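The structure under discussion appears below in the form of structure tokens.
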There are 2 protein chains.
Amino acid sequence: MAEALIAKLRQFTPISARDERALRELSSGHARLYEAGAEIVREGDALEAVRIVLSGWACRYKRLPDGRYQAIGLLLPGDVCTHGVGVVATMDYAIEALGAVTVIEIAPAAFAALLDGSPTLARAFACEEQQCAALQREWALNLGRRDARERLLHLFSELFHRLHDIGLTQDNSYDCPLKQEMLADVIGMTSVHVNRVLQALRREKLIELRGRQLTILDRLALERMAQFNPSYLRLGSVDAGSGID
Amino acid sequence: MAEALIAKLRQFTPISARDERALRELSSGHARLYEAGAEIVREGDALEAVRIVLSGWACRYKRLPDGRYQAIGLLLPGDVCTHGVGVVATMDYAIEALGAVTVIEIAPAAFAALLDGSPTLARAFACEEQQCAALQREWALNLGRRDARERLLHLFSELFHRLHDIGLTQDNSYDCPLKQEMLADVIGMTSVHVNRVLQALRREKLIELRGRQLTILDRLALERMAQFNPSYLRLGSVDAGSGID
DNA sequence: CGCATATTTGAATTCTTTCAATCAACGTGG
DNA sequence: CCACGTTGATTGAAAGAATTCAAATATGCG
């Protein structure tokens, strides 16, 4: 169950067998299961536990008073839901399960103890947080300066890389539980427009999207079109390359 | 010179006289002066020092390979330019001076020593970082789900609050060195469109903008229209209210 | 005064949304 | 096994928002 988390942290820094054991121990602790649509965290809630997604996808989002909805981040297995425990008092965003999701909840004290006991893990989680911030910045670029088609291609590329890093891709495809409505909420458009853009991408043989399986037909071409540059995903350390180019 | 920084950190937690002295000491250290347009940090640079803006405005931004430019954040006096020193190896964004800017550069070891010596300051800087992340999230909402007019109003509201917190507002106005071109780069639009929206806002007597002085004529009305909710600026602690409503 | 930098304007075009309706897929109960 | 309800995907037409390109004005500064 902790596979994705361990794989994710390993991108940043080597994890010893002992640290791995500690992570597995942790992950076997108090886990909660959410079903699609469930609110894992509500805006305005107090931040009282460290939560990490073990399986499934979730969505960090904000709403405007008039109801408009914007996804602020996608949480994949291994991702920390909320940073700043012990510092941030109340949540400025909410988190929603996009399907069946398993989340471990760790008491702040236990988490602090884990980090105190292992400088490596402390470093790994710090990297995780910085990566999350970098993601957020890239999303701002996406929302602000890419058009609908580029945004979608960029999102698909980013997800490919992130899922690849935790071993959740098969060749050039992956399981993507996002409905068109949610895709729209991620890239800041309407579902109608997403639908039309998706059709164009399929027509041009850039992607296939059947059921929930997304296949990228020519990844490098697609990344070029999206002006996708994966470096924002690998800030961790200078030498940390990825398995893919 | 360290006034803004101290004021900013005080929002999060009380700062003792001793901590204040340490901050002033630090600020009197190695300061660098940049002129308008200067690159304070370049994308791809190694992250080798903690930098804090002491005076003037700067802009955190990213570029697409084809040259499109998107502001990712605005750095006001007291803001930390780059987080994650010691964890992040290379910058995924750049920082540009928007006018004359003073920045202190602090060696990682010196900064670590400061935080080690004062849990309060450690906490304050942690809050600062979380606030920055919250800003980033709100910007994503702004870019994704508000229209041009709302984005502009929201930006003006946010800046009012942030500047107010560091004592840089006068009544309902403040000095805003952003040209229309930069406003456009912040809210993800063209300068032409920003121009037209600004004219409408002036016509409707919502704002005045002469020279570089921005005056907000009816702040609450404006915040309502922008669906602005300042809570994302005050995550620090439950009891930390602001001077304004 | 005059250059350089910013702002403003207009018209045409492109991109995206809106609104409403239709279609397709799927699981349920009868 | 099939009618039915639900959810998600697709379509069309029209309206609306924002961009583009170029040119015209302002404005600030030396």
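Order of the sequence lines fixes the chain letters, A, B, ..., with proteins taken first and strands second; residue numbering starts at 1 for each chain. Everything numeric here is computed off the predicted structure, so don't read it as measured data.
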Next item on the list: Write down the distance between CD (Glu150(A)) and P (dT19(D)), rounded to a whole number of angstrom.
Entry: 14 Å
Check: So, Gln213(B) versus Glu208(B): side-chain donor-acceptor pair below 3.5 Å or not?
Finding: no
Notebook entry, point to check: Taking atom P of dT19(D) as reference, at what distance in whole Å does atom CZ of Arg145(A) sit?
Noted result: 7 Å
Notebook entry, point to check: Is the shortest side-chain N/O distance from Gln199(A) to OP1 or OP2 of dT11(D) below 4.0 Å?
Noted result: yes
Notebook entry, point to check: So, is Asn195(A) near the phosphate of dT10(D), with a side-chain N or O under 4.0 Å from OP1 or OP2?
Noted result: yes
Next item on the list: Could you state the atom-to-atom distance from CE of Met182(A) to C1' of dT7(D) in whole Å?
Entry: 15 Å
Note to self: Without decimals, in angstroms, what is the distance between Gln180(A) CD and dA24(C) P?
What the structure shows: 15 Å
Notebook entry, point to check: For dT10(D), does either OP1 or OP2 sit under 4.0 Å from a side-chain N or O belonging to Arg202(A)?
Noted result: yes
Next item on the list: Run the salt-bridge test on Arg51(A) and Asp79(A) with the 4.0 Å N-O cut-off and return the result as yes or no.
Entry: no
Notebook entry, point to check: Just how far, in rounded Å, is C1' of dC15(C) from CZ of Arg146(A)?
Noted result: 18 Å
Margin query: By nearest atom, which of the nucleotides dA6(C), dT20(D), dA20(C) is closest to the Val192(B) side chain?
Written below: dT20(D)
Margin query: If I take atom NE2 in residue His193(B) and atom P in nucleotide dT7(C), what distance separates them, rounded to the nearest angstrom?
Written below: 16 Å
Checklist line | Whole-Å gap separating C1' (dA18(D)) and CE (Met189(A)) | finding: 11 Å
Next item on the list: Look at the side chain of Thr190(A) and decide which nucleotide, out of dT17(C), dG10(C), dA9(D), has an atom nearest to it.
Entry: dT17(C)
Note to self: Please tell me if Arg212(A) has a side-chain N or O lying less than 4.0 Å from either OP1 or OP2 of dA9(D).
What the structure shows: yes
Next item on the list: Please work out which of the three classes, parallel, tilted or perpendicular, describes the rings of Phe228(B) and His161(B), given edges at 30° and 60°.
Entry: tilted
Next item on the list: Assign each of Val194(A) and Glu181(B) to its nearest nucleotide of DNA chain C by heavy atoms, then name whichever residue's nucleotide is nearer the 5' end.
Entry: Glu181(B)
Item checked: Atom-pair distance (NZ on Lys179(A); C1' on dT6(D)), nearest Å -> 11 Å
Margin query: Can you tell me whether the side chain of Arg196(B) and the base of dT20(D) have a donor-acceptor pair closer than 3.5 Å?
Written below: yes
Notebook entry, point to check: Taking NZ, NE, NH1 and NH2 as the nitrogens, is one of them in Lys8(B) or Asp165(B) under 4.0 Å from a carboxylate oxygen of the other?
Noted result: no
Item checked: Arg145(B) with Asp185(A): basic N within carboxylate O range, under 4.0 Å -> yes
